[in-house]
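Letters A, B, ... are given to chains in the order of the sequence lines, protein chains preceding strands, and every chain is numbered from 1.
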Number of protein chains: 2
Amino acid sequence: MINTTWLRSFCTLVEVGHFTRTAERLHMTQSGVSQHVRKLEEQLGTELLVRQGKQFSLSGAGEKLYAEAQDILLALSNLEQTVGEDPPYEGTVRLMSPGSVGLKLYPHLLSLQSKHPKLIIDYRFAPNPDVEKAIAESTVDIGFMTAKSTLAEVSCTPIAQESLLLVTPATVEEPDWETLMTLGFIDHPDGSHHAGLLLGANYTEFQHSSLFPRKGFSNQIGLILEPVSLGLGFAVLPAHAVEAFEKSEGIKAHRLSHPVSETLYLSVPRNRSLQARMNTVIAEAKRWLNG
Amino acid sequence: MINTTWLRSFCTLVEVGHFTRTAERLHMTQSGVSQHVRKLEEQLGTELLVRQGKQFSLSGAGEKLYAEAQDILLALSNLEQTVGEDPPYEGTVRLMSPGSVGLKLYPHLLSLQSKHPKLIIDYRFAPNPDVEKAIAESTVDIGFMTAKSTLAEVSCTPIAQESLLLVTPATVEEPDWETLMTLGFIDHPDGSHHAGLLLGANYTEFQHSSLFPRKGFSNQIGLILEPVSLGLGFAVLPAHAVEAFEKSEGIKAHRLSHPVSETLYLSVPRNRSLQARMNTVIAEAKRWLNG
DNA sequence: ATTTATCATTACTTTTCGTAATCTTTTAAA
DNA sequence: TTTAAAAGATTACGAAAAGTAATGATAAAT
């Protein structure tokens with residue numbers, strides 16, 4: 001590894017053009033500067049200075065070294081100064097969650113970013129297993145999941161309840177079992193699970209969603225209600241996904257006698273102190289998930 | 001300045017998660033690793049590791065330090081490896097010249113760049129005084145000038161002759177003095193100087209260009225012949241600028257009995273060894289300026 | 001030609017670095 | 001609970017290096 005002290009002497013020398021004055025600038029002796037440059041040359045195995053008597057000019061390697069070293073030295077000294085800082089409204093925060101939460105949160109987090117432009121929101125939609133994996137591998141900072149993670153590296157705490165809703169086309173007044181079976185089921189990646197939870201608690205006729213007539217499928221959370229609004233079937237979805245659907249006139253969300261909700265968990269790396277900006281974003285998320 | 005040896009120990013520790021194994025990886029003792037981390041923390045005045053018994057996790061500052069330090073250390077080791085290299089077809093070459101030469105050279109240099117995509121051509125058009133200033137300040141690598149520089153830092157060597165041409169609208173067969181005076185003069189930044197050289201040697205009537213009827217001016221080298229091609233006046237220009245003019249049917253360049261040419265000088269920083277890519281570009285330039 | 005300014009070299013002092021040995025604490029096992 | 005082991009922290013010391021003062025050599029200035 002290049003010795004950065006020698007490198008700094010070399011760069012200062014290039015700027016000052018004078019060994020003695022460089023030494024003064026760096027609070028050392030001329031001899032020291034001379035040795036630093038020579039050691040650098042020895043280590044790199046290249047001439048850096050073309051010496052012409054007491055004058056010198058830069059060799060090709062010297063030019064290159066100086067040009068690139070400046071950036072590196074600057075980065076190093078910036079790092080030294082800023083490493084202790086922990087600004088709550090600056091830097092990138094990487095989140096990952098299943099679609100329904102994301103649909104709810106992402107717009108609010110973007111509006112947080114427009115208030116604090118240095119706070120960069122990186123939000124990815126993915127199913128639970130991907131979320132916990134990403135947290136464990138530290139490729140994201142904050143995750144939301146609809147089930148507790150089983151991984152040791154992931155710490156999960158409940159932060160909200162997501163109501164599950166039965167959604168039919170707006171034309172359906174009373175969603176009795178007969179009506180649902182006639183309509184057919186619009187499925188999504190968690191569709192079977194959600195349907196089991198909500199319909200199992202509200203319809204004695206329910207056995208398993210695989211017995212439904214299946215009328216469609218989408219893994220694009222924002223699009224699942226599209227076929228429902230066209231009268232093509234019914235779906236079971238978290239409330240957040242329903243709220244975010246734009247063509248709300250085409251659909252009807254039904255209040256069933258036995259409400260069912262899923263717990264939403266906040267997932268962060270266990271045993272790692274979060275930086276201030278993460279807490280900023282978590283606070284904002286809680287606000288909107290509970291409000 | 002942050003000690004990069006300590007920094008490397010810290011980064012390796014973060015990756016390995018284990019003091020003893022980090023020590024093995026770095027061919028040193030566990031005690032050394034421990035001290036390096038402690039010294040870093042002391043120097044930065046921040047906790048980097050949150051120690052939980054023999055486990056540890058990164059503090060906020062630790063995360064930040066690790067994230068940024070990796071890039072810096074990588075850059076340092078890359079620099080170490082590449083500083084001795086001097087590839088003739090890679091890197092940026094910054095040139096500056098007056099318009100006429102630029103008009104000639106720039107297309108050829110661009111085609112050189114398309115043959116060697118890593119060789120980046122940065123070509124700026126500017127008058128002689130700006131060129132020598134830029135060379136002296138090392139903001140460009142290679143300059144072309146139509147006069148020797150007076151600055152000590154700039155080394156000038158003649159590399160080509162630029163013929164000066166009298167250019168009139170195509171309708172003019174014989175450019176006698178009367179005709180020129182009727183047409184009027186289209187001026188440019190070096191117009192007066194060029195006219196003095198060429199017309200002074202060929203017309204006994206010539207006294208000074210300020211006595212011409214002045215019919216136009218442009219400092220955009222590619223556009224000076226525009227008014228000439230429209231029959232609005234005559235101009236005196238280096239041959240290269242004339243060759244590069246697209247609407248050549250509208251103009252006529254006249255061969256006078258006493259040809260005059262200007263010497264073109266290559267300007268480089270004095271006492272500085274040029275890198276290989278500079279010589280590549282200089283060779284290419286010579287080829288086209290003399291060919 | 002002489003003086004002065006500047007850089008290189010060398011011998012020596014001071015500082016820093018890294019290790020071995022030891023101590024302390026945590027974790028696991030008995 | 002006690003004991004054993006494993007891992008990191010601490011400390012003292014020898015080795016290495018960094019930096020200086022003194023000196024030498026050479027180029028520039030007068």
Answer with yes or no whether A:S31 presents, from its side chain, a donor or acceptor under 3.5 Å of a partner atom in the base of D:dA21.
yes
For a quick test of reading the model: is some side-chain N or O of A:R51 closer than 4.0 Å to OP1 or OP2 of D:dA27?
no
Taking CD from A:Q35 and C1' from C:dT13, how many angstroms apart are they, rounded to a whole number?
13 Å
Atom-pair distance (CD on A:Q52; C1' on C:dT6), nearest Å
15 Å
Can you tell me the distance, in whole Å, between the CZ atom of B:R8 and the P atom of C:dC17?
13 Å
Taking the inter-plane angle between the rings of A:F19 and A:F56 on a 0 to 90° scale, is it parallel (under 30°), tilted (30 to 60°) or perpendicular (over 60°)?
perpendicular
Strictly distance-based, threshold 3.5 Å: is any side-chain N or O of A:T4 a donor or acceptor partner for the main-chain N or O of A:L7?
no
Atom-pair distance (CE on A:M1; C1' on D:dA17), nearest Å:
18 Å
What is the distance from NZ of A:K39 to P of D:dA16, rounded to the nearest Å?
15 Å
Between A:F19 (CZ) and D:dT26 (P), how many Å, whole number?
16 Å
With DNA chain D as reference, determine whether B:R38 or B:R21 sits nearer its 5' end, using the nearest nucleotide of each.
B:R21
Using the side-chain heavy atoms of A:Q55, tell me which of these nucleotides is nearest: D:dT11, C:dT19, D:dA28.
D:dA28
Mind calculating the distance between CZ (B:F56) and C1' (C:dT26) to the nearest angstrom?
15 Å
When only distance counts, do a donor and an acceptor, one from the side chain of B:Q30 and one from the base of D:dA9, lie under 3.5 Å apart?
yes
Just how far, in rounded Å, is C1' of C:dA8 from CG of A:L49?
13 Å
Does OP1 or OP2 of C:dC7 have a side-chain N or O of A:S34 closer than 4.0 Å?
no
Flag the pair B:R38 and B:E42 as a salt bridge only when some basic side-chain nitrogen lies within less than 4.0 angstrom of an acidic carboxylate oxygen.
yes
Taking salt bridge (Lys or Arg N to Asp or Glu O under 4.0 Å) as the test, write out the residues that go with B:R21, two or more places apart.
none
Would you tell me if any nitrogen or oxygen in the side chain of A:N3 comes within less than 4.0 Å of OP1 or OP2 on D:dA17?
no
Establish, from distance only, whether the side-chain atoms of A:H116 and A:E90 form a donor-acceptor pair under 3.5 Å.
no
Which nucleotide, D:dT10, C:dG18, D:dA7, lies nearest any side-chain atom of B:H36?
C:dG18
Is a donor-acceptor contact shorter than 3.5 angstrom present between the side chain of A:T29 and the base of D:dA21?
no
